[in-house]
Amino acid sequence: MEIASRYNPQEIEPRILNAWLQGGHFHSVSRPGHKPFSIVIPPPNVTGILHMGHALNNTIQDVLIRFNRMRAKDSLWMPGTDHAGIATQNVVEKALAKEGLRKEDLGREEFTRRLWDWKEQHGSVIINQLKRLGASCDWQRTRFTMDEAYSKAVTKVFVSLWNKNLIYRGYYIINWCPRCKTALSDEEAPYQQAQGYLYYIKYPLVSQAANRTLKPGTVQATQTKYIVVATTRPETMLGDVAVAVNPEDKRFASYIGKKLLLPIMQREIPVLSDSFVDPDFGTGAVKITPAHDLNDFEMANRHNLSPIVVMNPDATMNENAGEYKGMDRFKARGKIVEFLKNQDLILKVEPYTNAVSRCYRCDTVVEPYLSRQWFVRMEPLAKPAIKAVRAGKIKFNPKRWEKVYLNWMENIRDWCISRQIWWGHRLPVYYCKKCKEEPGRNNKSQITNDNFHPKGVIVAEERPQKCPHCGSQDIVQDSDVLDTWFSSWLWPFATFGWPFDKSQVSAKPPRRGQSHKSQDISRKREELKYFYPTNVLITAPEIIFFWVARMIMAGFEFMGKEPFRDVCIHGTVRDNSGRKMSKSLGNVIDPLDIIDKVGADALRFSLILLAASGSDVYLSEDKFLVGRNFSNKIWNATRFVFLKIEEKGIKVEDFKFSELDEVDEWILRELSLAVECVTESLETYSLNEAAKKIYEFFWHSFCDWYIEIVKDNFTLSKAKAAVFVLLESIKLLHPFMPFISEEVFNLIKKHTSLPLSGMLASLDWPKIGKHACGKPMGIELIFDTIKEVRNIKADLGLGQKKVDIEVDCSPEALKLWNSNQGWIERLALLKSVVYRKGLNRVLYKNKFWALNIVMDNVSLDNFLISLGKKVVNLEAVLSETKARLENKGFIQNASSDIIDREKAKLRDTSLLLQRLLKLKGAFE
RNA sequence: GGGCGAUUAGCUCAGUUGGUUAGAGCGCUACGCUCACAUCGUAGAGGUCACAGGUUCGAGUCCUGUAUCGCCCACCA
């Protein structure tokens, strides 16, 4: 026998993978008259390496894709990677640093070339890792967000939004990393708790402070009236333009409209009222620094105050900072505090824990910074996206995420899309130098957001030859690139080749009668029409805002349709104590390591079992043993079947069953129920329900009962049934454990003469109900009897000893017993079964037979104890049931079948109880 | 500060519209190397379903409140 007794995924998985890829089993094309099923992969970062989150996310997608592929749908899983602007640039910059170079040393062009080199060399790492996981993506279609065709989509979208006045350039407070010198999105600047200080600073009233200079040795501020403001960043006070209080706050009512003298800068600033100010926080008065704080910026806008930027892009103080010019922001903070202390302008300093944003790549404290950036106006885009979800066109699963989505969408803010880095899609924005100088990005003290289409700014898909306004050829392109998400939000349709630009070059040779370009384009158009909207998007909760919501908006804006019909949000993968897995915590479990140890199938199956719909997954290495053990069980069940077939020289050529007995019928019925359950569960995205059902059926029905029963009576008929069940089981299993199921399929082909060909991945899904059998069967009662006999034997201390039993039964039941006696004796560990009328003791009884175990000289202690427990239980049930049936309310209100059930229960329980009491009495 | 979720066996979780004696896996205990599998088999122990009220003939399930934990959002200087 050449089948190993242990399943060895390391040998099998690479071979199967290769066969799938060679056979083109994952490629899908649109076929008129067929049904599509499509998913676009959440594109991993091109710098990424597979982590458990990916493993879970992609396993779920693969299960759905494989399931639908087997249901003969044209199943397309679109793979690809994301250029991940800052992350990738960071990786390459680090590599450069090893050569002692900075990107500026190379210049933009050369540095970008290096980035592409890096991508060519390392960009497919995660793709190959996904293949090892078993992901059945249509790999021929693998896309990259900076592919030429994809980039055209990005440019087109930018221009289109600009033309509709949905993109504008303007000043706003953004997250600014002074080290990277770029704007960051909110997700790129996560908050961290930081220990700092809250400084309470006195701002004197001008009426009293007028003509007084607040310099050392002159008038003491304590002698004047003042307002105290609290701040964590005293250096920003140099840019203060006002102090705000709550209009309801009586303490400050008399100050409103008056002027304060801003210490150090000696600038007069107004006291204004704004309901944003929380009278209960700090002193109830807020300094307004519009250029360095988002709230202040918005308040200043409300009150028509101009911001004053006091820092340079590298976070040193600028010329607006007076004597602190050139000083680093933190050094300036110290100096300013020192000065204020000397002036007695600090009331107190309190330790304070607040949230500080840090750059995710270099950990530098991010500065809220007034800067000229490009924005997308989101509200108009959000409207149809909100409507669609409300109308149920797009469904979230679990549903609760819908609220999260809607809440964000209804309070949506404009999207800062420009980044001051070099890796990404460059803005299709050109400046005519003659019409208008390219504006400096920083140091603006004026908030003048641009008009709709300002002069000298040209937004176009192609670089213009000359300025349409003045004809000048002195034109420069904006140096910024777009936020990575500005390309990912187009993923569900841009991956199909949209917008089908004619200049796209096809790699395919032209076909007869049509130029290859137009042929290619019309095919792509068809495919988009066929596969879009995609069926379902599988992603993690933290991606809802960045990506899911934006894809929905882009879908409606550019396709006029939702990008997907269902969104499944799965949980986060955590370590066993609930912490997120991260390199810095050192609690990462590497999926590739698990694949090496137990196989991709075991990894996949374990993950699905653990990931109950949308709940977080707590992992430790031992949790993968479930999958490993199950693999081995499947393997050995298969091994057993073919071992027997070989031993008996049986030829299985077809599934024409001529002589099914009760046991065969039972297992076929169980199989049918499993098919039904798994199918329904997969249709409703209850993957773990489906996985559990397969596990339960295969292990506990097929292996524990069926195989055990047929072991010593392995006929042709049994072989057929066993192979049939095996074949149908691995079909059910295939979406979850594609490798082992495929290998079992190979073995079936090898050891039988069944007309099977191709690969399991392309086979049809089992039909529901085909083998359901309505025949009432006593076989399950036999199972119960065997269990009960084992149970009693264990209590009697006869666990592994063979015993004689006596059975009293009807002639009909006797037939059942006789025809199955062999395996009954084996499974219940019996020496013999004697049939006789009337037993002098009944240990077990059901509707059809009663049974006694012949025994002498055994300890009855345990048996009587468990008998006693049973009696107590039954008495409780009995009195409960009685009480229920005597309850008028119950009789009046409960449905008739419930009442009937209770009546039956009363009958059965009291009979059983009587018998047990009698039995107990006989022993005592 | 708002919102959401969770709380069921030692651990991780199921429990469908309220209706038999609340289930599974892992772990644990006992026995067994029975010729597919010790990555196995058989049996067993283990739960006042977080707490307090309420609705109901009947609540793990519905309502209200409390506690603890977790997550998300937010402009609190």
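Basis for what follows: all heavy atoms, side chains included, without hydrogens, waters or symmetry-related copies. Residue numbers start from 1 in every chain, and the chains themselves are labelled A, B, ... in the order their sequence lines are given, proteins ahead of strands.
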*Asks:* Ring-plane angle category for A:F252 and A:Y255, please: parallel below 30°, perpendicular beyond 60°, tilted otherwise.
*Replies:*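 Judged by the thresholds at 30° and 60°, the geometry between A:F252 and A:Y255 is perpendicular.
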*Asks:* Pairing donors with acceptors under 3.5 angstrom, does anything connect the side chains of A:D601 and A:S631?
*Replies:*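 Per modelled atom types, A:D601 and A:S631 side chains form no pair under 3.5 Å.
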*Asks:* So which nucleotide does B:A30 pair with, by the Watson-Crick or G-U wobble rule with both distances under 3.5 Å?
*Replies:*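 Base-paired to B:U42.
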*Asks:* Starting at the 5' end of RNA chain B, which residue's closest nucleotide do you reach first, A:T231 or A:F630?
*Replies:*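 By nearest-heavy-atom nucleotide position, the 5'-most residue is A:F630.
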*Asks:* Establish, for the pair A:R6 and A:W635, whether the NZ or CZ atom is under 6.0 angstrom from the six-membered ring centre and no further than 45 degrees off its axis.
*Replies:*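 No, A:R6 and A:W635 do not form such a contact.
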*Asks:* Please name the nucleotide paired to B:G65 by Watson-Crick or G-U wobble geometry with both distances under 3.5 Å, or report none.
*Replies:*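 Paired with B:C51.
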*Asks:* Measuring to OP1 and OP2 of B:U39, would you say a side-chain N or O of A:R628 lies under 4.0 angstrom away?
*Replies:*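 No, because none of the side-chain N or O atoms of A:R628 sits under 4.0 Å from OP1 or OP2 of B:U39.
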*Asks:* Let's see if you can work this out: which of B:C13, B:A36, B:A43 has an atom nearest to the side-chain heavy atoms of A:R790?
*Replies:*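 Of the options given, the side chain of A:R790 lies nearest B:A43.
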*Asks:* Can you find a donor-acceptor pair, distance only, under 3.5 Å between A:E708 side chain and B:A36 base?
*Replies:*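 It does, because a donor-acceptor pair links the side chain of A:E708 to the base of B:A36 below 3.5 Å.
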*Asks:* Just N and O in the side chain of A:K623: are any of them under 4.0 Å from OP1 or OP2 of B:U12?
*Replies:*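 So the side chain of A:K623 is outside the cut-off, no N or O lying under 4.0 Å from OP1 or OP2 of B:U12.
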*Asks:* With both distances kept under 3.5 Å, what pairs with B:C35, Watson-Crick or G-U wobble?
*Replies:*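 Per the H-bond distance test, none.
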*Asks:* Can you tell me the distance, in whole Å, between the CD1 atom of A:I740 and the C1' atom of B:C37?
*Replies:*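 For the pair A:I740 CD1 and B:C37 C1', the rounded distance is 12 Å.
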*Asks:* Would you measure the distance from the C1' atom in B:A24 across to the matching atom in B:A14 and give it in whole Å?
*Replies:*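 Between the two C1' atoms, the distance is 7 Å.
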*Asks:* Considering only side-chain heavy atoms of A:K787, which listed nucleotide, B:C57, B:A43, B:A36, is closest?
*Replies:*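 Nearest to the side-chain atoms of A:K787, counting from C-beta on, is B:A43.
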*Asks:* B:U21 pairs with which nucleotide, Watson-Crick or G-U wobble, both distances below 3.5 Å?
*Replies:*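 Looking at the geometry, B:U21 pairs with no nucleotide.
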*Asks:* Out of B:A77, B:U12, B:A43, which nucleotide sits closest to the side chain of A:A794?
*Replies:*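 Shortest atom-to-atom distance from the side chain points to B:A43.
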*Asks:* What nucleotide among B:C73, B:U12, B:U39 has an atom nearest to a side-chain atom of A:N632?
*Replies:*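 When the side chain of A:N632 is considered, B:U39 is the closest of B:C73, B:U12, B:U39.
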*Asks:* Given atom CH2 of A:W635 and atom P of B:U39, what is their separation to the nearest angstrom?
*Replies:*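 That distance rounds to 18 Å.
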*Asks:* Could you tell me which nucleotide pairs with B:G58 by Watson-Crick or G-U wobble geometry, both distances under 3.5 Å, or answer none if nothing does?
*Replies:*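 Partner of B:G58: none found under 3.5 Å.
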*Asks:* Kindly say if A:N688 contacts the phosphate of B:C13, meaning a side-chain N or O under 4.0 Å from OP1 or OP2.
*Replies:*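 So the side chain of A:N688 is outside the cut-off, no N or O lying under 4.0 Å from OP1 or OP2 of B:C13.
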*Asks:* Name the pairing partner of B:G1, where a pair is Watson-Crick or G-U wobble with both distances under 3.5 Å, or state none.
*Replies:*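 B:G1 is paired with B:C73.
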*Asks:* Do A:K882 and A:E880 sit within salt-bridge range, that is, some charged N less than 4.0 Å from a carboxylate O?
*Replies:*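 Looking at A:E880 together with A:K882, the answer is no, because their closest N to O distance does not fall below 4.0 Å.
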*Asks:* Is a donor-acceptor contact shorter than 3.5 angstrom present between the side chain of A:K633 and the base of B:C37?
*Replies:*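 Flag set: donor-acceptor pair detected.
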*Asks:* When the ring planes of A:Y695 and A:H700 are compared, do they come out parallel, tilted or perpendicular, using 30° and 60° as the limits?
*Replies:*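 Ring orientation of A:Y695 relative to A:H700: perpendicular.
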*Asks:* Which of the following nucleotides, B:C13, B:A77, B:A36, is nearest to the side chain of A:L643?
*Replies:*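 Given the options B:C13, B:A77, B:A36, the side chain of A:L643 is closest to B:A36.
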*Asks:* Anything under 3.5 Å between a donor and an acceptor, one on a side chain of residues 871-878 of chain A, the other on a protein residue two or more places apart or in another chain? List them.
*Replies:*
none

*Asks:* Considering only nitrogen or oxygen atoms on both sides, find all protein atoms under 3.5 Å from nucleotides 18-26 of chain B and state each distance.
*Replies:*
residue : atom : partner : partner atom : Å
B:G19   : O2'  : A:R901  : NH2          : 2.6
B:U20   : O3'  : A:K905  : NZ           : 2.6
B:U21   : OP1  : A:E880  : OE2          : 3.4
B:U21   : OP1  : A:K905  : NZ           : 2.5

*Asks:* Check the distance between B:U12's P and A:L619's CG and give it to me in whole angstrom.
*Replies:*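 In whole Å, B:U12 P and A:L619 CG are 13 Å from each other.
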*Asks:* Indicate, with yes or no, if the rings of A:W176 and A:Y369 have centres closer together than 6.0 Å.
*Replies:*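 Yes, ring centres under 6.0 Å apart.
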*Asks:* Whole Å only: how far is the CH2 atom of A:W401 from the P atom of B:G5?
*Replies:*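 It is 10 Å, rounded to the nearest whole Å.
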*Asks:* Distance between the P atoms of B:G19 and B:G58, in whole angstroms?
*Replies:*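 Comparing P positions in B:G19 and B:G58 gives a spacing of 14 Å.
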*Asks:* Cut-off 3.5 Å, side chains only: do A:N175 and A:S357 have a donor facing an acceptor?
*Replies:*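 Not at all, the side chains of A:N175 and A:S357 share no donor-acceptor pair under 3.5 Å.
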*Asks:* Using atom OH of A:Y7 as one end and atom C1' of B:C37 as the other, report the distance to the nearest whole Å.
*Replies:*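 In whole Å, B:C37 C1' lies 15 Å from A:Y7 OH.
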*Asks:* Taking only the side-chain nitrogens and oxygens of A:R6, find out if one of them lies under 4.0 Å from OP1 or OP2 of B:U39.
*Replies:*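 Looking at the OP1 and OP2 atoms of B:U39, one of them is under 4.0 Å from a side-chain N or O of A:R6.
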*Asks:* Check the orientation of A:W823 and A:F783. Use parallel for under 30°, tilted for 30 to 60°, and perpendicular for over 60°.
*Replies:*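 Ring orientation, 0 to 90° scale: perpendicular.
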